[in-house]
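Here's the structure we're looking at; comments come further down.
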Amino acid sequence: MSKPDVKNSIWKELWEYIKMIIFVVVVVLIVNNFLLINARVPSESMEKTIMTGDRFFGNRLAYLFDDPERFDIVVFKYPDDESQLFVKRVIGLPGETVEIKDGKVYINGSETPLDDSFTPETPTGDYGPYVVPDGSYFMLGDNRNHSGDSRFWKQPYVEKEKIVGKAIFRYFPGVKILK
């Protein structure tokens, strides 16, 4: 093989690596920006479901054709500062009245509180009633006594278009399906 052939072969090999790297970067960008959210939990507000420092994936397409349901764990733009992403549980749906008495959540004046068996300790406090506007949701952290959530925000409701995705599973530390 002559010197020009060797040089040409090296450049061809290098070009193949460059194309592969570009392809991988494009795929990662598409997945990260259109399909999945890769998020880290910065606070204790969702403990014991998701612990501080846990990493999880969210599905960006979950609400493309469906609406969030009560108890879904969602990632959304914080209503008081949309540059921040928050993760909380959907509690109040559009048009519902949410009231918290002695830490228990009641919907539309029901005599029976919502199931809060996922909370790590007995919630306290009275809040509301809150009437959730159409197209919006009322969010609470699972660790209610240590959560900055809809009860305390200036803008207490999250509009559907501000919901970035549905939390689907924790991958660090260890895999756990999020419900």
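For reference, positions follow the sequence shown, starting with 1. Computed from a prediction, not measured in an experiment: that's the story for all the values here.
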- Got a second to check how far Ser45's OG is from Met139's CE, nearest 0.5 Å? 12.0 Å

- Inter-residue atom distance Glu44.CD - Asn145.CG, 0.5 Å rounding: 10.0 Å

- Over 60° means perpendicular and under 30° means parallel, so classify the ring planes of Phe118 and Phe71, tilted if in between. perpendicular

- Approximate separation, where rounding is to 0.5 Å, of Asn59 CG and Leu64 CG: 9.5 Å

- Any chance you could measure Glu82, atom CD, to Glu159, atom CD, to the nearest 0.5 Å? 7.5 Å

- The reported gap from NZ in Lys166 to CG in Leu178 (rounded to nearest 0.5 angstrom) is 10.0 Å

- What orientation do Tyr78 and Phe86 show, parallel under 30°, tilted 30 to 60°, or perpendicular over 60°? parallel

- Checking Asp115 side chain against Ser117 main chain: does a donor-acceptor pair fall under 3.5 Å? yes

- Query: Mind checking whether Thr119 and Asn143 have side chains closer than 4.5 Å, heavy atoms only?
  - Reply: no

- Message: What I'd like to find out is whether the side chain of Tyr137 reaches to under 4.5 Å of the side chain of Asp67, using heavy atoms alone.
- Response: yes

- Query: Shared ILVMFWY cluster between Ile100 and Phe152, side chains joined below 4.5 angstrom?
  - Reply: yes

- Report whether Trp153 and Leu85 are members of the same hydrophobic cluster (ILVMFWY, side-chain heavy atoms less than 4.5 Å apart, transitive linking). no

- Message: Tell me the closest heavy-atom pair linking Leu140 and Lys88, and the distance in Å.
- Response: O-CB, 3.7 Å

- Close side-chain approach of Val41 and Met51, heavy atoms under 4.5 Å: no

- Flag, side chain of Asn38 to backbone of Phe57, donor-acceptor distance under 3.5 Å: no

- Query: For the residue pair Arg144 and Val105, what are the closest heavy atoms and their distance?
  - Reply: NH1-CG2, 3.8 Å

- Task: Start with the C-alpha distance between Asp81 and Ser83, add both sets of side-chain angles, then the distance that settles side chain to side chain donor-acceptor pair (under 3.5 Å), and finish with yes or no.
- Result: CA-CA 5 Å; Asp81 178 2; Ser83 69; 2.7 Å; yes

- Task: List the atom of Thr52, the atom of Pro42, and the distance in Å for their closest heavy-atom pair.
- Result: CG2-O, 3.8 Å

- Item | Distance (rounded to the nearest 0.5 Å) between Arg40 CZ and Arg170 CZ | 14.5 Å

- Task: Examine Tyr63 and Phe65 and state if one hydrophobic cluster contains both, with Ile, Leu, Val, Met, Phe, Trp and Tyr joined whenever side-chain heavy atoms are less than 4.5 Å apart.
- Result: no

- Query: Are Leu29 and Val24 joined in one hydrophobic group, where the rule is that I, L, V, M, F, W and Y side chains link up if heavy atoms are under 4.5 Å apart?
  - Reply: no

- Would a 4.5 Å heavy-atom cut-off, applied to side chains only, mark Leu36 and Ile168 as touching? yes

- Query: So Ile163 and Val75, side-chain contact (heavy atoms from CB on, under 4.5 Å) or not? Walk me through it.
  - Reply: CA-CA 6 Å; Ile163 296 175; Val75 179; over 6 Å; no

- Task: For the residue pair Tyr130 and Glu99, establish whether any side-chain heavy-atom pair is separated by less than 4.5 Å.
- Result: no

- For the residue pair Tyr17 and Trp11, is the inter-centroid distance of their aromatic rings smaller than 6.0 Å? no

- Closest heavy-atom pair, Phe76 versus Pro79, reported as atoms and distance to 0.1 Å, is CE1-CD, 4.1 Å

- Message: Is any side-chain heavy atom of Val132 closer than 4.5 Å to one of Val98?
- Response: yes

- State plainly whether the residues Asp142 and Arg89 are in salt-bridge range, i.e. N to O under 4.0 Å. yes

- Task: Run the ring-centre check on Phe56 versus Tyr171 and record whether the distance is less than 6.0 Å.
- Result: no

- Query: What's the verdict on side-chain contact (heavy atoms from CB on, under 4.5 Å) for Glu121 and His146, showing C-alpha distance, side-chain angles and the deciding distance?
  - Reply: CA-CA 10 Å; Glu121 59 188 24; His146 305 281; 3.3 Å; yes

- Query: Looking only at heavy atoms, which two atoms of Ser136 and Pro94 are closest? And how far apart?
  - Reply: O-CG, 3.2 Å

- Message: Whether the Asp149 and Ser147 side chains hold a donor-acceptor pair (N or O, under 3.5 Å, no angle test) is what I'd like checked.
- Response: yes

- So, Asp102 side chain and Lys104 main chain: donor-acceptor pair closer than 3.5 Å or not? no

- Message: Could you see if Tyr157 belongs to whatever hydrophobic cluster contains Ile107? Use Ile, Leu, Val, Met, Phe, Trp, Tyr and a side-chain cutoff under 4.5 Å.
- Response: yes

- CD (Glu69) with more than 12 external heavy atoms under 6.0 Å: no

- Query: Would you call Glu96 and Arg70 a salt bridge, taking side-chain N to carboxylate O under 4.0 Å as the test?
  - Reply: yes

- Query: Is it the case that more than 12 heavy atoms not belonging to Lys176 sit under 6.0 Å from its NZ atom?
  - Reply: yes

- Message: Does the structure place the NZ or CZ of Arg151 under 6.0 Å from the centre of the six-membered ring of Tyr127, at an angle of no more than 45° from the ring's axis?
- Response: yes

- Task: Count the heavy atoms of every other residue, nucleotide or ligand shown that sit under 6.0 Å from NZ of Lys179, and state whether that count exceeds 12.
- Result: no

